Each structure stands twice: as C-alpha cells, then as structure tokens.
Amino acid sequence: MNASSFDKLIVQEVAPRDGLQIEPTWVETADKIALINALSIAGFTRIEAGSFVSPKAIPALRDGEAVFQQIERHPNVIYVGLVPNLKGAERALASRAGELNLVMSASQTHNRANLRMSCEASLMAFGDIVKLVKGSSQATLNATVATAFGCPFEGKIDEDRVIGIVDTYREMGMQGVTLADTTGMANPRQVARLVTRVLERLPTAALTLHFHDTRGLGLANVLAAYEAGARRFDAALGGLGGCPFAPGASGNICTEDLVNMCDEMGIPTAIDLEKLIALSRGLPALLGHEVPGQLAKAGRNCDLHPVPEYVLQI
Ligand code: COA
Ligand code: ZN
C-alpha cells in the first residue's frame with residue numbers, strides 16, 4: 001500500500017462520555033457543552049456526547065439531558081448517547097441523540113458489575129429498544145460488545161462468543177457494532193484476527209473499534225485493525241477515559257496522538273490537529289490533573305525548537 005492509496009480513518013470522539021464518566025471532580029454542564037461545541041468544529045463527524053445511564057451509577061454524567069439540549073449541533077456531526085436499558089433509550093430519544101450506543105459486555109461478570117444484569121437481560125432490553133427506536137425516531141442504533149478482547153474478572157474471552165454477539169446484534173437490526181477493549185487487554189494479532197472475522201459478516205462502515213491504552217498497546221491495535229480493514233475508531237481527547245466498574249481501567253487511546261500518527265503516515269482523518277492540541281492543553285485546568293496524552297506535551301514533529309546559540313557558533 002502506498003501513502004496515496006490510504007483510506008480515510010474515521011474518529012469518533014468519546015471524551016465527553018467515556019472520558020468524563022470516570023472523572024472524580026464534577027465538570028460543570030456549561031464546560032461540557034463548551035468542550036463538545038469546540039470538538040464539533042474540529043472535523044469530527046461523530047461525537048459521543050454523554051450517556052443516559054443511572055445517575056447513581058455515573059454521577060459525573062447525570063446532566064445528559066441538559067448537555068444534549070444545549071449543545072450547538074453542527075450539521076455534519078452525529079451526537080451519540082450511550083444507553084444501557086429502555087429507560088436510557090427513552091431519555092436519549094427525548095434529548096434528540098442522533099445515535100444510541102447500546103452497551104453490553106461479552107463477559108457475564110463484567111456485564112453484572114457494570115449494568116447489574118445478565119447478558120440475556122441486556123439483550124431482552126435491546127429488543128425493546130429496537131422496537132421503540134424503529135417505531136418512533138430517525139436515530140440510528142449502534143451496539144457495543146464491551147470486554148470483547150478480555151475481561152478483568154474472567155480473563156480471556158472466547159472469540160466465537162464475540163462473533164455470536166455480533167451476529168445477534170445484526171439480526172436484531174443494529175446498524176453499527178463496536179468491539180470494545182474495555183481495559184486494554186487486546187494485542188495486535190488478536191485484533192487482526194477478530195476484525196478479519198467480523199468484516200466477513202458486516203460492512204466496513206458498520207464496524208467501530210474502541211481501544212483503551214491501559215497496557216500501552218492502543219495505537220498498535222489501531223494499526224492492526226486498520227490493516228485488517230477496519231476504518232472507524234473511538235478515541236478520547238487527552239487520552240481520558242475508563243469504565244468505573246472495571247478494576248484497573250484507564251484511558252482511551254488519545255485522539256490527538258492517533259490523529260498525529262495518521263497525519264505522519266499519510267492516512268487522512270480530516271481532523272484539525274492544531275485545534276485538538278489546543279483543546280487538550282486546556283484539560284488539566286478543567287479537570288485538575290495531568291492527562292495521559294503525549295502529543296500535547298511533546299508537540300508535533302514539525303514544531304521545531306530554536307537552535308541554541310552555542311550550536312550556531314560551531
Ligand atoms: N437513566 C436514569 N435512571 C435510570 C436508568 C437510566 N437509564 N435506568 C434505571 N434508572 C433508575 C431507576 O429509575 C431507579 O430509580 P429509583 O431508585 O429512583 O427508583 C434506579 O435507577 C434503579 O433502577 P434499576 O432498573 O433497578 O437499575 P439498577 O440499579 O439495576 O442499575 C443500570 C442498572 C443499567 C441502570 C445501571 O447499572 C447503570 O446505569 N449502569 C451504567 C454504567 C455505565 O455507564 N458504565 C460505563 C459505560 S459502559
Ligand atoms: Zn471505553
């Protein structure tokens with residue numbers, strides 16, 4: 001493959017949802033809205049702007065309705081809301097989410113920890129959500145297989161089980177499917193194998209990969225998935241993120257690090273890296289701590305340093 005033949009890589013920005021859900025400090029609704037509005041003009045076509053889960057489970061995102069009501073909706077951006085059950089779907093539709101991202105884990109144990117129900121109960125709820133959405137709205141449905149590459153409680157997840165869930169989602173009428181590596185347990189060979197198998201069953205545009213960088217393999221996994229044919233990836237500004245109900249969870253792959261890798265490799269993303277860096281550099285002040293992303297600290301390759309005086313004199 002030469003550089004000119006690279007296909008576009010689509011990034012869904014998930015910091016407003018996956019990123020903020022684990023933050024211990026309350027982020028004001030107005031600050032969430034300002035962040036989403038700024039991301040909306042950075043070139044993304046998809047932003048996961050919040051979740052419609054129990055406010056007791058995720059207090060940090062309890063203002064989902066207010067956020068969705070008050071953001072400036074950019075016509076090129078689909079605003080996605082994460083949904084665990086029928087009540088969440090009703091809230092998301094009332095808040096005019098453009099897409100509902102339903103979530104269930106491949107691991108029974110993590111599903112119980114995260115959603116307090118079995119996988120079978122989650123799928124029953126999804127059946128009701130499909131009926132609700134098909135009957136009453138223009139919103140699309142995506143369904144996530146969390147812990148698809150490994151579970152912090154159960155360890156290895158059988159690939160056939162993941163494939164079975166993907167098939168079930170498609171049979172139920174989900175337009176999109178996400179494979180999520182909730183606690184960064186995936187490796188590039190495993191990713192290539194699973195992506196290859198999944199793309200035999202659904203179109204490229206219907207598959208999203210969601211990686212966490214918990215063990216430093218995030219971008220390696222992106223590249224393995226891209227080379228196996230995947231084109232859509234979740235990433236979070238600053239490398240924020242993590243599931244509060246998965247022990248050891250840490251940040252998503254960092255959006256600006258991913259976009260920088262793509263820019264350097266000649267893979268188009270249509271995302272404005274300078275805007276991202278500026279936004280990412282504002283995160284420590286917003287959240288009260290440093291963030292994991294590396295590019296905002298290091299600068300781009302083209303951000304050269306002045307040559308020291310002593311060097312000029314040699
Ligand atoms: N939005 C808001 N409130 C909700 C809700 C939703 N989607 N679903 C349930 N609730 C409320 C119920 O109305 C009830 O309220 P009450 O105590 O005032 O009567 C309460 O939550 C308990 O309802 P129940 O159906 O018994 O939920 P639960 O306690 O078994 O929890 C979930 C199930 C799915 C709602 C909860 O585990 C959850 O929201 N998990 C999401 C976790 C998450 O976001 N993880 C990270 C992303 S993957
Ligand atoms: Zn995640």
Side-chain angles (χ1 to χ4, degrees), residues 11-23 47-68 80-95 97 100-126 128-129 132-133 142-152 178-186 208-215 217-218 221-222 233-255 258 292:
V11 186
Q12 171 166 261
E13 174 57 50
V14 298
R17 195 279 298 173
D18 203 325
L20 297 187
Q21 73 183 8
I22 200 167
E23 286 300 324
I47 298 174
E48 199 165 63
S51 65
F52 297 96
V53 304
S54 156
K56 284 186 195 130
I58 307 280
L61 299 183
R62 62 179 182 268
D63 54 353
E65 274 88 353
V67 169
F68 272 77
V80 180
L82 181 127
V83 163
N85 58 11
L86 187 60
K87 177 160 186 176
E90 287 163 353
R91 290 177 59 207
L93 292 182
S95 305
L100 277 54
N101 180 20
L102 315 186
V103 62
M104 180 190 84
S105 295
S107 148
Q108 283 281 6
T109 315
H110 183 255
N111 209 59
R112 288 179 199 275
N114 192 35
L115 304 173
R116 298 174 180 272
M117 60 182 125
S118 66
C119 295
E120 291 73 19
S122 281
L123 289 175
M124 289 269 287
F126 292 179
D128 294 337
I129 294 171
L132 175 77
V133 171
N142 185 81
T144 290
V145 190
T147 64
F149 299 92
C151 166
T178 298
L179 299 183
D181 184 22
T182 308
T183 55
M185 294 171 75
T208 302
L209 276 300
H210 176 106
F211 293 121
H212 283 258
D213 200 28
T214 315
R215 293 174 176 79
L217 293 178
N221 288 330
V222 168
F233 296 87
D234 286 352
L237 189 74
L240 301 178
C243 173
F245 302 100
S250 67
N252 289 86
I253 55 167
C254 168
T255 311
L258 170 63

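Quantities reported herein were computed from a predicted structural model and do not represent experimental measurements. Values below: all heavy atoms of this structure, side chains included; hydrogens, waters and symmetry mates excluded. Both ligands and their constituent atoms are indexed starting at 1 by order of listing. If you read the sequence from its start, that first residue is 1, and numbering goes on from there.
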### Query
Does the side chain of E48 come within less than 4.5 Å of P16's, by heavy atoms?
no
#### Entry: Heavy-atom side-chain proximity of P244 to Q21 below 4.5 angstrom
yes
For [X] versus [Y], what's the shortest heavy-atom pair and its separation?
X    : Y    : answer
G19  : L240 : CA-CB, 3.6 Å
P247 : T183 : O-CG2, 4.2 Å
D181 : A186 : OD2-N, 2.9 Å
P84  : L115 : CB-CD2, 3.7 Å

### Query
To the nearest 0.5 Å, what is the distance between CZ (F52) and CG (L93)?
9.0 Å
### Message
Checking A235 now: which residues fulfil side-chain contact (heavy atoms from CB on, under 4.5 Å) with it, not counting sequence neighbours?
### Response
V11, I253, T255, L258
## Note on the structure
With sequence neighbours left out, the residues meeting side-chain contact (heavy atoms from CB on, under 4.5 Å) with A89 are V83, L100, I129, L132
### Under-2.8 Å protein N/O/S neighbours of the Zn ion (ligand 2), ordered by chain then residue number
D18 OD2, H210 NE2, H212 NE2
N/O pairs closer than 3.5 Å, ligand 1 and protein:
residue	atom	partner	partner atom	Å
ligand 1	1 (N)	V53	O	3.2
ligand 1	1 (N)	R91	NH1	2.8
ligand 1	7 (N)	F52	O	3.0
ligand 1	7 (N)	N85	OD1	2.9
ligand 1	7 (N)	G88	N	3.2
ligand 1	8 (N)	N85	ND2	2.8
ligand 1	13 (O)	K87	NZ	2.9
ligand 1	17 (O)	K56	NZ	3.0
ligand 1	37 (O)	N114	O	3.4
ligand 1	39 (O)	S54	N	2.8
ligand 1	40 (N)	N114	O	3.2
ligand 1	45 (N)	N114	OD1	2.8

